[in-house]
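Given the structure is predicted, the values throughout are model-derived calculations rather than measurements.
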Amino acid sequence: MGTNGLIAMLPDMAVFVLVVERGSFSAAARQLGMTPSALSRQVARLEAALGVRLLERTTRQLRLTDAGQATLARCRSMLDAADEAVQLAQQQHARPQGRVRISMPKAFGRFVVAPLLPAFLASYPQVDVELFISDRDVDPLAEGLDLTVRVTDTPPPGMAGRPLLPVRQLLCASPQYLATHGRPAHPRDLAQHLCLYLAEHEADKRWQLRRGNEQLTVAVSGRYATNHSELRLQGVLAHLGIAPLPHFTTQAALEAGQVETVLDDWEFTTAYRGMAWLLYPPNRYLAPKVRVLIDYLAERLGAKTSP
């Protein structure tokens, strides 16, 4: 397809993205001041030009086809590039404004980032933040995200990143549980204790611990399992056993003496540990609204490296 054909498709691509984001032709038409039938014709024209079906239309909803899902990601990327070009043409040091969409794991968002956002919003009154918390690995391009946080020792290729803080897992129990059942002196002792594990996979019941060059795997069991760290903390507070908890999840309970750590000279390495990375597309130009949030979080959480 030649340049002229591609240029002709650009408005239809933009309409396709808007229809999907608004969830219906009617909602998109209201925003654009057009009729739903006019937008439907534009999407149909795009489908004809591409030779694929993008949307399955019913009387109640729209559903993306597999081809539509893939096309949507590229069309969103095109709009992001257009938005970047507009912002770049404006003053480089214009006041940050607009919406920033950021996703991160649930516990990290709840305990680490969410408490920092009110002060950020007060400092930047023209910047809005949409915070999405999910423990699945999201595709920032496909889901229209500006920033994502991922806890990993190896940031994914193709993304720029800024380290925020290391995430450590602590093995914790309540003082009452330890008084009743004793304190494990070695990882092998965990097999004799009630343990709270993730229960997402069978391997979650095989805890890996490391001390220097020594690494052990211990099969654990218990009466309560959950894949949410805040719920595991509640289980620990209810004296249900020993649980791995991110350090930020259990910090307040540790300071209050409600929980204690065990096997402090061993590192829990089974899951959800490493550096928390703030990731974003490797564009040479970052919108001011995105850059100020990156800088703010990195400064508050102790990272010093500039993006």
Practice problem: Indicate, with yes or no, if L147 and V167 share a hydrophobic cluster defined by side-chain heavy-atom contacts under 4.5 Å among Ile, Leu, Val, Met, Phe, Trp and Tyr. | Solution: yes

Quiz item: Which heavy-atom pair separates D146 from Y280 by the least distance, and what is that distance?
Solution: O-CB, 3.6 Å

Practice problem: Report yes or no: does T250 contribute a side-chain atom to a donor-acceptor pair with the main-chain N or O of A253 at less than 3.5 Å? | Solution: no

Self-check item: Full working for side chain to side chain contact (heavy atoms under 4.5 Å, CB included) between H186 and L216
Solution: CA-CA 10 Å; H186 190 275; L216 293 175; 3.2 Å; yes

Quiz prompt | Which atom of R110 lies closest to which atom of P115, heavy atoms considered | solution = O-CD, 3.6 Å

Exercise. Give a yes or no answer on whether the side chain of T261 reaches the backbone of D264 with a donor-acceptor pair at less than 3.5 Å.
Key: no

Self-check item: Sidechain-backbone polar pair: T269 side chain, Q208 backbone, donor-acceptor under 3.5 Å
Solution: yes

Self-check item: SB check D265 R211 (cutoff 4.0 Å)
Solution: yes

Exercise. Determine the minimum heavy-atom distance between D135 and N227, stating which atoms define it.
Key: OD2-O, 4.4 Å

Quiz item: Quick one: NE2 on H193 to CG on L196, what's the gap to the nearest 0.5 Å?
Solution: 13.0 Å

Exercise. For residues V290 and V100, report the shortest heavy-atom separation together with the two atoms involved.
Key: N-CG2, 4.2 Å

Quiz prompt | Atom CD of E214 with >12 non-hydrogen neighbours under 6.0 angstrom | solution = yes

Self-check item: Close side-chain approach of L116 to Y296, heavy-atom, < 4.5 Å
Solution: yes

Practice problem: Say whether L171 and L198 are linked into one hydrophobic cluster, either directly or through other cluster members, by side-chain heavy-atom distances under 4.5 angstrom. | Solution: no

Self-check item: Check: F25 and V43 side chains under 4.5 Å, non-hydrogen atoms
Solution: yes

Exercise. Kindly write out the residues that satisfy salt bridge (Lys or Arg N to Asp or Glu O under 4.0 Å) with R30, not counting sequence neighbours, or none if the list is empty.
Key: none

Quiz prompt | Cluster link I242 to L233, ILVMFWY, side chain under 4.5 Å | solution = no

Self-check item: R76 vs E21 side-chain heavy atoms within contact, under 4.5 Å
Solution: yes

Quiz item: What distance separates M159 CE from L278 CG, expressed to the nearest 0.5 Å?
Solution: 9.0 Å

Exercise. For the pair R101 (side chain) and S103 (backbone), establish whether a donor and an acceptor sit closer than 3.5 Å, ignoring hydrogens and angles.
Key: no

Exercise. Indicate if M9 and V20 have the same hydrophobic cluster label, given that clusters are the connected sets of ILVMFWY residues with side-chain heavy-atom separations under 4.5 angstrom.
Key: yes

Quiz item: Backbone N or O of L245 within a donor-acceptor pair of the T249 side chain at under 3.5 Å?
Solution: no

Quiz item: Taking all non-hydrogen atoms of both residues, which atom of P105 and which atom of V149 are closest, and how far apart?
Solution: CD-O, 3.3 Å

Quiz item: If you take all heavy atoms of G109 and I133, which pair is closest and at what distance?
Solution: CA-CG2, 4.1 Å

Quiz item: Does the side chain of L55 come within less than 4.5 Å of R63's, by heavy atoms?
Solution: no

Quiz item: When you measure from the side chain of S40 to the backbone N and O of P36, does any donor-acceptor pair fall under 3.5 Å?
Solution: no

Exercise. Run the salt-bridge test on E230 and K106 with the 4.0 Å N-O cut-off and return the result as yes or no.
Key: no

Quiz item: Are the aromatic rings of F268 and W207 close, with centres under 6.0 Å apart?
Solution: yes

Quiz item: Are D128 and R99 within salt-bridge range, i.e. N to O under 4.0 Å?
Solution: no

Exercise. Classify the ring geometry between Y124 and F120 as parallel (under 30°), tilted (30 to 60°) or perpendicular (over 60°).
Key: tilted

Self-check item: Salt bridge R57-E47, side-chain N to carboxylate O under 4.0 Å
Solution: yes

Self-check item: D83 side chain vs L79 backbone, donor-acceptor pair below 3.5 Å
Solution: no

Practice problem: Find out whether M13 and L46 are in side-chain contact, i.e. whether some heavy atom of one side chain is under 4.5 Å from a heavy atom of the other. | Solution: yes

Quiz item: Taking the inter-plane angle between the rings of F248 and F108 on a 0 to 90° scale, is it parallel (under 30°), tilted (30 to 60°) or perpendicular (over 60°)?
Solution: perpendicular

Quiz item: Taking everything shown except R53 itself, do over 12 heavy atoms lie less than 6.0 Å from its CZ?
Solution: yes

Exercise. Give a yes-or-no answer on whether the side chains of S77 and D80 include a donor-acceptor pair shorter than 3.5 Å.
Key: no

Quiz item: Taking atom CD of Q251 and atom CG of L254, what is their separation to the nearest 0.5 Å?
Solution: 8.0 Å

Quiz prompt | H247: side chain to side chain contact (heavy atoms under 4.5 Å, CB included) partners, not counting sequence neighbours | solution = L165, R168, L170

Quiz item: Are the side chain of Y224 and the backbone of C195 linked by a donor-acceptor contact shorter than 3.5 Å?
Solution: no

Exercise. Answer whether the closest heavy-atom distance between the side chains of L10 and M78 falls below 4.5 Å.
Key: yes

Quiz item: Any side-chain donor-acceptor pair under 3.5 Å between T35 and S37?
Solution: yes

Exercise. Could you tell me the separation between the CD atom of Q215 and the CZ atom of R210, rounded to the nearest 0.5 Å?
Key: 5.5 Å

Exercise. Please test D295 against R162 for salt bridge (charged side-chain N to carboxylate O under 4.0 Å, His left out), starting from the C-alpha separation and ending with a verdict.
Key: CA-CA 9 Å; D295 291 343; R162 189 160 180 181; 2.8 Å; yes

Quiz item: If you measure from CD on E200 to OG1 on T226, what distance do you get to the nearest 0.5 Å?
Solution: 9.0 Å

Quiz item: With no hydrogens and no angle check, is any side-chain donor or acceptor of R232 less than 3.5 Å from a backbone partner on P244?
Solution: yes

Quiz prompt | Heavy-atom side-chain contact between L64 and L54 under 4.5 Å | solution = no

Quiz item: What is the distance from atom CG of L164 to atom CE of M104, rounded to the nearest 0.5 Å?
Solution: 8.5 Å

Quiz item: Would you say the side chain of R206 lies within less than 4.5 Å of the side chain of H201, judging by non-hydrogen atoms?
Solution: no

